[in-house]
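The next block holds one structure in the form of structure tokens; read it before the comments.
Being a predicted model, the structure only gives us computed values, none of them experimental. Computation of the quantities below employed the complete heavy-atom set of this structure, encompassing side-chain atoms and omitting hydrogens, waters and symmetry-equivalent molecules.
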Amino acid sequence: MYHLQHCGYGYNKSTCQDIVDWFITKYLPRHKLWINIQHRGLKREHAYGFCDIDLQFGDIHRPRDFTIDLQSHMCPILYKVTLIHELIHLRQWVRGQLISRSGRVTWDGIRVSDLDYAVQPHEIEAFDNEWPLYWDYMYDTTGEWYGDE
């Protein structure tokens with residue numbers, strides 16, 4: 001069971017809900033999660049999205065409350081791939097692959113907060129899986145295979 005709240009501007013509400021529902025149902029069906037997705041301008045941060053633990057309500061050692069920030073007004077395919085990318089990070093937090101200790105983030109025992117973004121293992125995993133999961137999502141929701149494009 002999960003609770004989804006989304007807000008902001010420049011996004012399709014049903015697409016947001018559909019992707020989150022597909023991902024959580026398929027990959028994290030037994031977890032009680034609170035997910036807040038905010039659509040806003042992220043151009044100053046030079047990013048399309050972020051996934052963070054919401055410490056206001058949650059537990060840093062067993063996170064179940066998350067905030068995902070997404071750039072508003074993305075093209076539909078980029079939006080879907082970016083949301084899936086951030087949901088992969090959410091899954092990494094829930095599974096305990098990503099851990100925050102004393103202000104430092106580790107991934108499977110590797111301290112990633114000191115590494116350059118391009119070589120952080122949790123980012124590599126998310127980038128490696130975002131397109132295959134996008135194709136799975138499209139197949140599961142439309143019945144048509146898009147993976148060979």
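Atoms OH and NE2, on Tyr48 and His85 in that order, are 12.0 Å from each other to the nearest 0.5 Å. A distance of 12.5 Å separates CG of Leu33 from CZ of Arg91, quoted to the nearest 0.5 Å. Going from atom CG of Leu42 over to atom OG1 of Thr82 covers 10.0 Å, rounded to the nearest 0.5 Å. Between the NZ atom in Lys13 and the NE2 atom in His6 there is a gap of 7.0 Å [rounded to 0.5 Å]. Note that CG of Asp52 is 8.5 Å distant from CD of Glu86, once rounded to the nearest 0.5 Å. The distance from atom CZ of Phe127 to atom NE2 of His122, rounded to the nearest 0.5 Å, is 9.5 Å.
Remark: the Asp140 side chain and the Trp22 side chain contain an N/O donor-acceptor pair separated by less than 3.5 Å.
Closest heavy-atom contact between Pro121 and Val112: CD-CG1, 3.5 Å. Residues Ala118 and Ile124 share a closest heavy-atom pair of O-CG1, 3.9 Å. Nearest heavy atoms, Ile37 versus Cys16: CD1-SG, 3.7 Å. Of all heavy-atom pairs between Ser72 and Gly41, the closest is OG-N, 4.0 Å. Among all heavy-atom pairs drawn from Gln92 and Ala126, the shortest one is NE2-N, 4.4 Å. The two residues Thr25 and Pro29 have their closest heavy-atom pair at O-CB, 3.4 Å.
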>> With side chain to side chain contact (heavy atoms under 4.5 Å, CB included) as the criterion, how do Val105 and Trp93 come out once you've worked through the C-alpha distance, each side chain's angles and the decisive distance to 0.1 Å?
In response: CA-CA 10 Å; Val105 177; Trp93 284 108; 4.3 Å; yes

> Passes side chain to side chain contact (heavy atoms under 4.5 Å, CB included), Leu28 versus Leu90? Steps please.
Replying inline: CA-CA 10 Å; Leu28 297 168; Leu90 185 146; 3.6 Å; yes

>> For a side chain to side chain contact (heavy atoms under 4.5 Å, CB included) check, start with the C-alpha distance between Ile24 and Leu4, then their side-chain angles and the critical distance, and finish with the verdict.
In response: CA-CA 11 Å; Ile24 299 301; Leu4 174 64; over 6 Å; no

>> What verdict does the side chain to side chain contact (heavy atoms under 4.5 Å, CB included) test give for Leu70 and Gln38, after you've listed the backbone C-alpha separation in whole Å, the side-chain angles of each residue and the deciding distance to 0.1 Å?
In response: CA-CA 6 Å; Leu70 293 174; Gln38 301 176 22; over 6 Å; no

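Contact check for Arg64 versus Lys32: no side-chain heavy atoms found under the 4.5 Å cut-off. Side-chain contact check for Leu115 versus Ile110: some heavy-atom pair is nearer than 4.5 Å. Looking at Thr141 and Asp18, their side chains never come closer than 4.5 Å, going by heavy atoms from C-beta outward. Contact check for Gln71 versus Tyr79: no side-chain heavy atoms found under the 4.5 Å cut-off. Residues Ile68 and Leu87 form a side-chain contact, since some pair of their non-hydrogen atoms from C-beta on lies under 4.5 Å apart. Between Phe50 and Thr67, the closest side-chain pair of non-hydrogen atoms is not below 4.5 Å. Residues Arg40 and Asp69 have side chains in contact (heavy-atom distance under 4.5 Å, counting atoms from C-beta outward). Contact of the Ile77 side chain with the Lys80 side chain is not registered, since no non-hydrogen atoms from C-beta on lie closer than 4.5 Å.
Cluster membership check: Ile53 shares its hydrophobic cluster with Leu98, using side-chain heavy-atom separations under 4.5 Å among Ile, Leu, Val, Met, Phe, Trp and Tyr. One hydrophobic cluster holds both Ile88 and Met138 under the rule that ILVMFWY side chains link at heavy-atom gaps under 4.5 Å. The hydrophobic clustering, which links ILVMFWY residues whose side-chain heavy atoms are closer than 4.5 Å, places Tyr137 and Tyr139 together. Residues Trp135 and Leu78 fall within the same hydrophobic cluster, defined by Ile, Leu, Val, Met, Phe, Trp and Tyr side chains chained together at heavy-atom separations under 4.5 Å.
The number of heavy-atom neighbours closer than 6.0 Å to NZ of Lys43, taken from other residues, nucleotides and ligands shown, is 12 or below.
In this structure, Asp116 contributes its side chain and Val119 its backbone to no donor-acceptor pair below 3.5 Å. In this structure, the side chain of Glu130 does not engage the main chain of Ile84 through any donor-acceptor pair within 3.5 Å.
For the side-chain hydrogen bond (donor to acceptor under 3.5 Å, both in side chains) with His89, the qualifying choice from Gln97, Glu123, Glu125 is Glu123, the only one to do so.
The aromatic rings of Phe23 and Tyr27 lie tilted to each other, with the angle between the two planes from 30° to 60°. Note: His39 and Tyr11 have parallel aromatic rings, judged against thresholds of 30 and 60 degrees for the angle between ring planes.
Outside the 6.0 Å centre-distance limit, the rings of His31 and Tyr2 are not counted as a close aromatic pair.
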